[in-house]
Every structure is written in C-alpha cells, then in structure tokens.
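Take a look at the structure set out below.
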Amino acid sequence: MSAFQFRTVPHLIGEPGASSQLGTHIRQQFPAVRRVMLVTDAGFLATGLVDTPLRSLQEAGIEVHVFSDVQADPPEAVVLAAVEQARLFHVELVIGLGGGSSMDVAKLIAVLAPGRQTLGDMYGIGKVQGARLPLVQVPTTAGTGSEVTNISIVTTGATSKMGVVAPQLYADLAILDARLTLRLPPAVTAATGIDAMVHAIEAYTTAHLKNPLSDMLARQALSLLSSNLARVCRNGQDLAARQAMLLGAMLAGQAFSNAPVAAVHALAYPIGGMFHVPHGLSNALVLPHVLRFNLGHATSLYAELAAIVSPQATGSEEARAQALIDALQALAAETGIVRTLREVGIGEADLDGLAEAAMQQTRLLGNNPRSVTLSDARAIYAAAW
Ligand SMILES: NC(=O)c1ccc[n+]([C@@H]2O[C@H](COP(=O)([O-])OP(=O)(O)OC[C@H]3O[C@@H](n4cnc5c(N)ncnc54)[C@H](O)[C@@H]3O)[C@@H](O)[C@H]2O)c1
Ligand SMILES: [Fe+2]
C-alpha cells in the first residue's frame, strides 16, 4: 500500500432534527462564543427553515447576525461584503446554513475575518495562513459535501471560477439534518445528488492521492446515493432516504477532499461559469461522456463501482465498466434531469470556447485517469450537446 494522508472534520452529528439544537451544540463546543454570523441565501431563508435553528441559538444566549445575500456560485463581491459585516459585528463564530454556495462563503468569512490576508492571496493550494474563526457547517442540499471539504469555490470576474484549498477550511463541526432538505425541489435534488455521485466516482479513479480511506468512503457514498436518489426525486418527503442522501454526500465529500476530482468537474466549471448552469447540473450533463472517454483507462475501477451501482451486471471487466455508465445514465433519466447542453441554452458555436476554458482547469485535469487534450474536450462537449 502506498503512503497516504487523510484529514476530515473532527465532529460530525447526523440526526434528523439536529439543527433545532444548533444553539446547544455550539454552546457545548464553544462556551465562550456570544456573537455568531449565520450565512445563507435568500432562497433558503424564504423557506422559513432558518427559524428553528435561529431560535435555538437565541435561546442559548447567542446573538446572531444573519447574512442572506449569498448567490449560487458565489461571486467575490458577495464574499467581501460578508467579511465586512462579520468584522463590523465582531463575529466570533461563523455558521454556514445552506447549500455549497453558503457553506463555501462561510469558510472564506472564517479565514478572512481576522484580516491577515486578502482573498486574492488565498487562491490555490495551501495559501491560507494562520488560524480562522470557529466554523460550523449545516448543509441543506445533499450534494457538494462542502461541510467536510477543505475547498471553497468562488466565481471570479464574469465567467471563471477559482478555488481556495487549505486545511483551515475544514469546519469544527458539521450537522446533517435531513429535515432541512425536505423542501428541496426535485430538479435541485437530482442535480446535487448527481454532483455527490461524481465526487465519489472521481475520488475513486483519481490519478493523484487515491487512498484506502477515500476508496472506502467513495464506495459507501455511491451505494447510499445510487439507491436513494430516485426515491427522493419521486418523494421529497421521504425523511429516511433524505438522511441517507445527506450521509452519502458527506462521505463523498470526505473522499474527494483527500483524493481530488478530475475531468468531469474540469469540464463542468466552464458550463457553470459561462452559462450560469448550476454546479450539479453542469456535472450531470458531461458525466456519461467523460466516463465513456475514460473507459479504456479506468476499466477495472469502473467495473468495481459497477458492482455497487449495477450489481446485476455480469461479463468481462469492459462489459461491467460499460454497465456502470449505462446505469448512471438510466438513473439520471429516472430523476427527470435535463440531459443535453442544448437544452440549457448552449449553442454549437459555444463548444470551442467551453473546451478552451476547460483546458485552464489544469489542477483538476491532472487528476483524470486519461489525459485530456483540447480536441478531446471539444469532442466530449460535442457528445454532450
Ligand atoms: N466546497 C466544495 O467542496 C464544493 C464542492 C462542489 C461544489 N461546490 C460549490 O457549491 C456551489 C453549489 O452548491 P449547491 O449545489 O449545494 O447549490 P447552492 O448552494 O448554490 O443552492 C442552490 C439553490 O438551492 C436552494 N436551496 C438550498 N437548499 C434548499 C432547501 N433545503 N430547500 C429549498 N431550496 C434550497 C438555494 O436557495 C439555491 O437557490 C457551487 O458554487 C459549487 O462550485 C463546492
Ligand atoms: Fe462538485
């Protein structure tokens, strides 16, 4: 076995309804904290699901400043505005309560509020210096796994995305409460669930930092996600299936935080950046086409995953690897998710620009089991169109 390292969040709570005890949990772990910032977006705030966790904080004697201006695929300006407010209110702890966008913003507030560095200084791997404010993450989508990852993704300029990757971005506490996800619309449920499945698959086949813990987590994640995704899309109120999806997304997050994602994400980012397609959907659109491109270079690993997603598959390794791709496509169809780039408003003339932008994602492309050239990227987008 090759040498490896593995990190994750030290305290995890998984329990339907746990966010109604948010104040108690924070009080126990951070008894001195009196002023916190709760970071969310206007869409989630409008569901009213913030009220109970908010009340529990207030009942625990904690003053809360709510920042609800997060936008999907958060632009830099939103992060900077939030940091300014955190300083103004002398916030002592940051809570991300929302999807990946809110949790990613919460991470950056926690590292930027102490004021040692600018956001521009932090892009890249391991650039964050010093300690951050205490950080608690409560996901409301079962997708990004951001509650347990060391990554925050920001939209820079008009179309491009950049990442901050640093150990300080691991939260102190993550709470998985499926009650918060019961009203997630089917299309968002499907897209975010497929994003989580991509995290598991790409972690399992990554060319760098593949490790036994990530492998184990990715396999269990894929099992939970593939057996519950259609259920939660059919019946969003299925609490047990929703909790299983949250657990699966978290396990996939732990996996890919230590064994990074690859070409599916590299090709998805420009779709999100240039055409404002949500992150999960961007991944879902290119997923089968990237896997088909990788097939000959990841055959045995895909065959291993087929045993989880499509256990009835038999035959050669190649046949079982193909069965994985077919099963994922069938699952996507069952969720009713959009399947082609043209359906999200992308024209054939846009494919060259997308391919050029994807080639800029060198950090991710380097993890892919097969190297990707510009013409390969163009061909994958054409297949997805
Ligand atoms: N940090 C990481 O490890 C990581 C990994 C993958 C993706 N990301 C980033 O995460 C972001 C995407 O996150 P996301 O897919 O979770 O979506 P999101 O946070 O952008 O939210 C999507 C939409 O769903 C709504 N929503 C969220 N929870 C809801 C609920 N429970 N009920 C009703 N509506 C709800 C929000 O209001 C929003 O309109 C992107 O910026 C992406 O780049 C980060
Ligand atoms: Fe993702």
Side-chain angles (χ1 to χ4, degrees), residues 8-9 19 39-50 53 68-76 78-79 96-108 137-156 160-166 169-171 174 176-203 232 236-237 242 245-246 249-250 252-258 260-262 264-273 276-284 286-287 361 364:
T8 194
V9 167
S19 68
V39 182
T40 191
D41 67 60
F44 185 71
L45 190 67
T47 66
L49 290 164
V50 178
S68 61
D69 292 341
V70 172
Q71 294 166 24
D73 304 294
E76 279 181 325
V78 166
V79 175
L97 177 64
S101 300
S102 297
M103 291 190 287
D104 280 6
V105 171
K107 289 174 180 178
L108 294 175
Q137 299 282 29
V138 189
T140 66
T141 61
T144 68
S146 178
E147 67 277 12
V148 288
T149 72
N150 59 349
I151 306 166
S152 177
I153 310 286
V154 180
T155 304
T156 54
S160 58
K161 283 186 149 196
M162 286 179 80
V164 177
V165 184
L169 300 194
Y170 284 116
L176 307 182
D177 175 2
R179 285 195 193 283
L180 299 173
T181 68
L182 294 177
R183 288 192 216 162
L184 199 61
V188 187
T189 300
T192 49
I194 292 174
D195 182 30
M197 292 176 74
V198 175
H199 296 156
I201 295 166
E202 295 211 287
V232 288
Q237 296 296 314
R242 287 286 199 188
M245 287 297 295
L246 267 181
M250 185 201 74
Q254 290 177 314
F256 92 87
S257 194
N258 294 278
V261 293
V264 179
H265 275 76
L267 269 73
Y269 279 140
I271 300 173
H276 303 290
V277 175
H279 175 75
L281 180 53
S282 307
N283 271 292
V286 292
L287 172 65
Q361 299 289 337
L364 300 174

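Just follow the structure's listing: the first ligand is 1, and inside any ligand the first atom is 1. The first residue in the sequence is number 1, and the count goes up from there.
- Residues K161 and D73 are in side-chain contact: their nearest non-hydrogen atoms beyond the backbone lie under 4.5 Å apart.
- The shortest contact between atom 15 (O) of ligand 1 and any protein heavy atom is with T192 CG2, 3.3 Å.
- Among all protein heavy atoms, the one lying closest to atom 6 (C) of ligand 1 is H279 NE2, 3.5 Å.
- Atom 3 (O) of ligand 1 has T149 OG1, 2.6 Å as its closest protein atom, hydrogens excluded (heavy atom only).
- Put simply, the side chain of K107 reaches to within 4.5 Å of the side chain of T149, judged on heavy atoms.
- For P270, the side chain to side chain contact (heavy atoms under 4.5 Å, CB included) partners two or more places apart in sequence, or in a different chain, are M274, L354, A357, A358, Y381.
- Summarising the contacts of atom 41 (O) of ligand 1 with T140, V105, D73, the nearest heavy atom is found in D73.
- Between L180 and L97, some side-chain heavy-atom pair lies under the 4.5 Å cut-off.
- Residue contacts with ligand 1, taken as heavy atom pairs separated by less than 4.0 Å, do not involve L49 at all.
- Ligand 1 does not have A42 within reach: every non-hydrogen atom of the residue lies 4.0 Å or more from it.
- With ligand atoms numbered from 1 in the order given, ligand 1 contributes 16 (O), 27 (C), 28 (N) to contacts under 4.0 Å with heavy atoms of T141.
- The closest heavy-atom contact to atom 31 (N) of ligand 1, among the options T189, I153, L180, comes from L180.
- Residue contact annotation: Q71 has no non-hydrogen atom under 4.0 Å from ligand 1.
- For atom 4 (C) of ligand 1, the closest heavy atom belonging to the protein is T144 CB, 3.9 Å.
- The nearest non-hydrogen atom to atom 37 (O) of ligand 1, considering only L169, D41, T40, comes from D41.
- Distances below 4.0 Å separate heavy atoms of R183 from the following atoms of ligand 1: 32 (N), 33 (C).
- Residues T181 and M245 form no side-chain contact, since every pair of their non-hydrogen atoms from C-beta on lies 4.5 Å or further apart.
- Residues L108 and V164 form a side-chain contact, since some pair of their non-hydrogen atoms from C-beta on lies under 4.5 Å apart.
- Looking at atom 24 (O) of ligand 1, its nearest protein heavy atom turns out to be V188 CG1, 4.0 Å.
- Both the backbone and the side chain of L184 come within 4.0 Å of ligand 1, judged by heavy-atom distances.
- Comparing S101, P278, G193 by heavy-atom distance to atom 20 (O) of ligand 1, the nearest is S101.
- The shortest contact between atom 43 (O) of ligand 1 and any protein heavy atom is with K161 NZ, 2.9 Å.
- Listed by number with element, the atoms of ligand 1 under 4.0 Å from a non-hydrogen atom of F44 are 28 (N), 29 (C), 30 (C), 31 (N), 37 (O).
- Counting protein heavy atoms under 4.0 angstrom from atom 9 (C) of ligand 1 gives one or more.
- Inter-residue side-chain proximity for P139 and L176 is flagged as met; some heavy-atom pair is nearer than 4.5 Å.
- Among the atoms of G280, none of the N or O lies under 3.5 angstrom from an N or O of ligand 1.
- Where the criterion is an N or O separation shorter than 3.5 Å, residue side chain and backbone included, T47 fails it with respect to ligand 1.
- Atoms of the protein (N, O or S only) found under 2.8 Å from the Fe ion (ligand 2) are D195 OD1, H199 NE2, H265 NE2, H279 NE2.
- Judged by the shortest distance from any of its heavy atoms, M103 lies outside the 4.0 Å radius around the atoms of ligand 1.
- Of all protein heavy atoms, the one closest to atom 44 (C) of ligand 1 is D104 OD2, 3.1 Å.
- By the 30° and 60° cut-offs, the orientation of the rings of F256 relative to H265 is parallel.
- Short contacts between ligand 1 and H199, defined as distances under 4.0 Å to a heavy atom of the residue, involve ligand atoms 6 (C).
- V261 places a side-chain heavy atom less than 4.5 Å from the side chain of L364.
- Among protein heavy atoms, the minimum distance from atom 17 (O) of ligand 1 is reached at G100 N, 4.2 Å.
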